[in-house]
Amino acid sequence: MRTLPISAAPQAVRSSISPSRMVTLCGEKAWMLGMHLAAQMACEQKQSLFLCGDNRFDPYAVARFINSPRKSPPEALYAALGRILVARAFTAYQLDELIHRLYPDDGYAVVIISGICTAFFDEDVTLNDAAWLFYRSL
């Protein structure tokens with residue numbers, strides 16, 4: 001296991017993604033790395049799916065990343081934002097259902113699931129249900 005500084009996180013996330021690999025990011029800023037990855041994929045003309053279990057997806061932060069001078073011209077902003085599909089889950093049951101409706105041939109370059117722990121540690125879900133749903137989703 002390699003440990004990298006947080007400043008290298010966006011590059012590390014992008015380089016660790018491959019079709020046969022699952023990458024798990026945990027921590028306070030993990031959702032921001034997911035948004036940066038979705039924005040980067042959109043700049044590369046690739047579709048991405050962002051399953052949001054913690055209601056933290058910020059389209060303005062994605063737009064700022066896409067509009068940065070090194071990424072793409074401003075007129076490409078709307079086309080790039082259109083390549084990111086966001087699905088918000090408000091309960092652990094909804095997040096589990098969204099995950100199980102994914103198919104390998106959906107055509108997404110990357111699927112990002114944000115806030116998986118937040119959704120399953122909700123106080124409205126019993127511990128047994130939360131554990132069962134969490135392991136089923138993984």
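Note that the structure is a prediction, hence the values are computed from the model and not measured.
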Closest approach of [X] to [Y] (non-hydrogen atoms, all atoms of both residues):
X      : Y      : value
Leu95  : Ala119 : CD2-CB, 3.7 Å
Ile84  : Ala38  : CD1-O, 3.7 Å
Ala130 : Val125 : N-CG1, 3.5 Å

Under 3.5 Å: donor-acceptor pair, side chain of Asp58, backbone of Tyr60: yes
Quick one: does any side-chain atom of Glu97 pair with a main-chain N or O of Tyr93 as donor and acceptor, under 3.5 Å? no
Is the shortest side-chain heavy-atom distance between [X] and [Y] below 4.5 Å?
X      : Y      : value
Leu133 : Phe120 : yes
Lys46  : Arg83  : no
Asn55  : Arg88  : yes
Thr91  : Asp122 : no
Asp96  : Phe134 : no

If you round to the nearest 0.5 Å, how far is [atom2] of [Y] from [atom1] of [X]?
X      : Y      : atom1 : atom2 : answer
Leu49  : Met41  : CG    : CE    : 12.0 Å
Ser114 : Met35  : OG    : CE    : 8.0 Å
Trp31  : Asp54  : CH2   : CG    : 8.5 Å
Gln40  : Glu44  : CD    : CD    : 5.0 Å
Cys52  : Ile113 : SG    : CD1   : 11.5 Å

- Task: Report whether Leu98 and Leu85 are members of the same hydrophobic cluster (ILVMFWY, side-chain heavy atoms less than 4.5 Å apart, transitive linking).
- Result: yes
*Shared hydrophobic cluster, Trp132 / Tyr135 (ILVMFWY, side-chain heavy atoms < 4.5 Å)*: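 Yes: a chain of side-chain contacts under 4.5 Å links Trp132 to Tyr135.
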Review point. Within a reach of under 6.0 Å around CZ of Arg136, are more than 12 heavy atoms found that belong to other residues, nucleotides or ligands?
Key: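 Yes, because the 6.0 Å sphere around CZ of Arg136 holds more than 12 heavy atoms from other groups.
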Using the rule given for side-chain contact (heavy atoms from CB on, under 4.5 Å), can you reason through Cys43 versus Ile66, listing the C-alpha separation, both sets of side-chain angles and the distance that settles it, and then say yes or no?
CA-CA 7 Å; Cys43 289; Ile66 292 171; 3.9 Å; yes
- Query: Sequence neighbours excluded, which residues qualify as ring pair (Phe, Tyr, Trp, His ring centres under 6.0 Å) partners of Phe57?
  - Reply: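 Testing Phe57 for ring pair (Phe, Tyr, Trp, His ring centres under 6.0 Å), a comparison that skips the adjacent residues, returns Phe50.
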Between Leu51 and the options Ile116, Val86, Leu102, the side chain to side chain contact (heavy atoms under 4.5 Å, CB included) test singles out Leu102
